[in-house]
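So you know, we letter chains A, B, ... as the sequences are listed, proteins then strands, and number each from 1. These figures come from a predicted structure and were not determined experimentally.
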There are 2 protein chains.
Amino acid sequence: MLDAAARVFARSGFHDASMDAVADEAGVSKPMVYTHGGGSKEELFARCIRREAERLLTSVSGGIGSPDPETRLYRGLRAFFTTVTTHREGWMVLYRQARAGTFAGEVFSARSRIVTRVAELLADSSVDPAAAMPVASTLVGAAEGLADWYFDGGTGTPDDLAAQLMSVVWPGLAALRAGHAWSPTDVGTERVTDS
Amino acid sequence: MLDAAARVFARSGFHDASMDAVADEAGVSKPMVYTHGGGSKEELFARCIRREAERLLTSVSGGIGSPDPETRLYRGLRAFFTTVTTHREGWMVLYRQARAGTFAGEVFSARSRIVTRVAELLADSSVDPAAAMPVASTLVGAAEGLADWYFDGGTGTPDDLAAQLMSVVWPGLAALRAGHAWSPTDVGTERVTDS
DNA sequence: CACTCTATCTACTGATGCGTAAAGTAGCGA
DNA sequence: TCGCTACTTTACGCATCAGTAGATAGAGTG
């Protein structure tokens with residue numbers, strides 16, 4: 001039931017998906033969708049969101065155990081890309097359909113938990129957890145961007161994708177851990193004109 | 001008119017926003033919204049999307065002129081964060097509300113143009129433009145992630161945000177340009193178990 | 001004042017789709 | 001055969017808007 005709903009919602013979004021379509025996809029009648037789906041369209045969608053968010057958080061959190069931040073991050077990214085590519089429709093529901101409208105709050109809190117988890121992956125004695133939050137949010141966004149590229153015809157195994165992301169971010173993260181932040185030394189500082 | 005529509009759409013999303021609400025926000029009556037807004041809700045929303053996408057692309061593209069990729073990227077990022085923080089509701093419409101549903105295609109093509117533009121910012125004689133696409137998609141995602149953090153209570157000027165993003169990504173990009181990709185040498189390669 | 005044109009409003013129609021009620025059917029144990 | 005459960009089909013009530021038709025107001029002109 002939730003699988004069918006996730007497929008329909010992933011395809012059409014919350015508003016454009018009808019409960020009749022969910023019923024068809026699940027191979028049952030509409031009253032059954034209400035009996036076993038929570039009693040309303042909102043609740044059904046919320047259940048899909050919660051399940052996918054939980055799946056993603058569990059995946060990223062699990063099997064991380066390592067004292068080395070580099071290893072932790074790589075494993076977390078690998079888990080992320082594995083789950084996302086395996087449960088494509090879950091990803092579509094969570095990050096493309098659910099972020100707008102009534103459920104933005106629910107998705108936002110789910111995303112916050114993942115960002116916090118990533119901040120933990122980065123942190124150790126040499127990194128302040130609070131300072132890690134913007135970096136973690138950046139990383140999660142980067143992973144989403146690479147996932148977008150993948151779903152738009154990009155190729156590669158989850159391991160490849162994780163390694164590619166590590167190529168982009170790890171040198172910078174290592175430098176930050178060593179206290180070396182980037183600054184626009186001789187890059188020019190003219191104001192940006194904004195339309 | 002478009003400003004009012006963008007505010008309402010940013011707040012509620014396409015479906016949950018009513019034309020009455022747009023009319024109220026603009027201080028006119030509903031038929032006026034149809035007369036001056038394109039004749040349909042879809043067209044009004046599409047105009048908002050196109051305007052914001054154009055604004056962002058113009059901003060990122062303009063004032064880049066430099067032979068140095070590092071400078072180009074920093075300036076592009078600075079322009080991005082300037083525009084996004086200045087036109088908050090435009091950002092909300094474009095990247096949070098419009099990606100789902102009927103307008104996913106329109107937003108997707110707008111985003112593609114920006115990603116392509118970023119790939120050009122990265123490219124020079126030593127970088128293959130095609131290979132730059134996943135990296136550009138990653139970067140755009142990272143910028144979105146940092147913007148998300150900012151809009152959720154993060155602080156900093158656009159220059160700070162751009163510099164922070166450079167800290168994370170530039171060392172990795174420089175290494176990639178020199179031919180040094182990250183690989184999981186001694187990081188462990190156990191399979192990820194997926195629920 | 002009369003006439004007209006344009007801009008605007010109030011109030012309605014029509015369609016869509018959520019959610020449910022009613023009536024029928026198949027399986028199953030006693 | 002009875003009753004119970006689970007499900008189906010069909011049909012409908014009801015609310016919410018998108019979009020429009022007809023009324024109204026103001027302003028310029030003679």
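The residue A:Ala23 sits apart from the nucleic acid: no heavy atom pair falls under 4.0 Å. Residue A:Ala21 is out of contact with every strand shown, counting any heavy-atom pair closer than 4.0 Å. Here A:Met19 lies in heavy-atom contact (under 4.0 Å) with sugar-phosphate atoms only. Here B:Ser40 lies in heavy-atom contact (under 4.0 Å) with sugar-phosphate atoms only. As judged by a 4.0 angstrom heavy-atom cut-off over every strand, B:Ser29 is placed among the base-contacting residues.
If you check C:dA11, D:dT8, D:dC7 against the side chain of B:Lys30, the one that comes closest is C:dA11. Comparing D:dG19, C:dT8, D:dT8 against the side chain of B:Glu42 picks out D:dG19 as the nearest. Each of C:dT8, D:dC7, D:dA18 was ranked by its minimum atom distance to the side chain of B:Met32; first place goes to C:dT8.
The closest donor-acceptor contact from the side chain of B:Ser137 to the backbone of B:Met133 lies at 3.5 Å or more, if one exists at all.
Checking the phosphate oxygens (OP1, OP2) of C:dC18, no side-chain nitrogen or oxygen of A:His15 falls inside 4.0 Å.
Counting distance only, with no hydrogens placed and no angle test, the side-chain atoms of A:Lys41 and the base atoms of C:dG19 include no donor-acceptor pair under 3.5 Å.
In this model, a donor atom of one side chain and an acceptor atom of the other lie less than 3.5 Å apart for A:Trp182 and B:Glu70. B:Ser61 and B:Arg117 are linked by a side-chain donor-acceptor pair at a separation below 3.5 angstrom, with hydrogens and angles left out of the test.
Considering only heavy atoms from C-beta on, A:Leu122 stays 4.5 Å or farther from A:Pro69 through its side chain.
Each of A:Phe14 and A:Pro31 lies near DNA chain C, and the nucleotide nearest A:Phe14 is the one positioned closer to the 5' end. For the pair B:Gly39 and B:Asp16, nearest-nucleotide mapping onto DNA chain D gives the more 5' position to B:Asp16.
When rounded to the nearest whole Å, the span between CG of A:Leu44 and P of C:dC18 equals 11 Å. Between the NE2 atom of A:His36 and the C1' atom of D:dT8 there is a distance of 13 Å, rounded to whole Å. Distance OH (B:Tyr34) to C1' (C:dT10): 15 Å, rounded to an integer number of Å.
A:Leu94 and A:Phe151 fall within a single hydrophobic cluster, where Ile, Leu, Val, Met, Phe, Trp and Tyr side chains are chained together by heavy-atom contacts under 4.5 Å.
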